[in-house]
Amino acid sequence: MPEGGGMHGGLHRRELATLLVAEGGPFRRAAVARGACDLADLAPTLLHLLGLPPAGMEGRVLSAGWDAGADAPPVPERLALPGGFRLELSRQGGRRYPDALLQA
């Protein structure tokens, strides 16, 4: 598959919802970070917590879990697609995350 040519799963809101739960260590107690993320962000986050550089990885470090200052809401975007479809996205930390594919 060419780069940007597809993904596992679908583009329905329920299939794109990501939940990550962490406890202890550096994580803020009872914090709920509502930022955008996907599975590509897990490895860079874990490497960062281990003190290792996430060099060359596509994802970003999800620092809102331990840094309240990094906990900012994502910026919503909409992208018109052929065939009367619209892709709703969230932009955060220099990345775009798909939220849903809808008929316009």
Side-chain angles (χ1 to χ4, degrees):
M1 177 79 52
E3 184 176 337
M7 59 187 281
H8 293 284
L11 290 172
H12 190 276
R13 288 186 192 281
R14 285 180 281 189
E15 294 173 300
L16 293 170
T18 302
L19 173 67
L20 177 62
V21 178
E23 180 180 17
F27 298 102
R28 297 185 290 142
R29 183 172 176 80
V32 177
R34 299 194 186 273
C37 67
D38 63 21
L39 292 176
D41 298 327
L42 293 181
T45 301
L46 294 174
L47 288 171
H48 175 83
L49 290 170
L50 292 170
L52 301 170
M57 296 195 159
E58 181 179 311
R60 64 186 180 88
V61 175
L62 300 173
S63 57
W66 58 86
D67 179 6
D71 193 5
V75 177
E77 292 184 9
R78 289 185 174 169
L79 180 63
L81 299 174
F85 289 95
R86 179 181 78 235
L87 182 61
E88 292 190 354
L89 304 153
S90 292
R91 180 179 291 277
Q92 190 153 26
R95 294 195 64 217
R96 294 165 97 184
Y97 299 90
D99 291 326
L101 179 66
L102 306 168
Q103 283 193 309

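Numbering of residues begins at 1 and proceeds along the displayed sequence.
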Side-chain donor/acceptor pairs under 3.5 Å, residues 43-55, sequence neighbours excluded:
residue : atom : partner : partner atom : Å
Thr45   : OG1  : Asp41   : O            : 2.7
Thr45   : OG1  : Leu62   : N            : 2.9

Residues two or more places apart in sequence or in another chain: which of them pass side-chain hydrogen bond (donor to acceptor under 3.5 Å, both in side chains) with [X]?
X	answer
Arg60	Tyr97
Asp71	Arg28
Ser63	none

State yes or no: do Leu89 and Leu101 share one hydrophobic cluster built from I, L, V, M, F, W and Y residues joined by side-chain heavy-atom distances below 4.5 Å, directly or via other members? yes

Residues that, via side-chain heavy atoms closer than 4.5 angstrom, fall in one hydrophobic cluster with Leu19: Val21

If I take atom CG from residue Leu81 and atom CD from residue Gln103, how far apart are they, to the nearest 0.5 angstrom? 11.5 Å

How many angstroms lie between CG in Leu102 and CZ in Arg78, if you round to the nearest 0.5 Å? 8.0 Å

List for me each residue that meets salt bridge (charged side-chain N to carboxylate O under 4.0 Å, His left out) alongside Glu58, sequence neighbours excluded, and say none if there are none. Arg95

Pairing residues for Ala22 by the side chain to side chain contact (heavy atoms under 4.5 Å, CB included) criterion, not counting sequence neighbours: Phe27

A side-chain contact here means heavy atoms from C-beta on lying under 4.5 Å apart; do Glu77 and Glu88 qualify? no

So Leu79 and Arg86, side-chain contact (heavy atoms from CB on, under 4.5 Å) or not? Walk me through it. CA-CA 6 Å; Leu79 180 63; Arg86 179 181 78 235; over 6 Å; no

What are the two closest non-hydrogen atoms of [X] and [Y], and how far apart are they?
X	Y	answer
Ala72	Gln92	O-NE2, 2.5 Å
Pro74	Gly35	CD-CA, 4.2 Å
Pro98	Leu87	CB-CD1, 4.2 Å

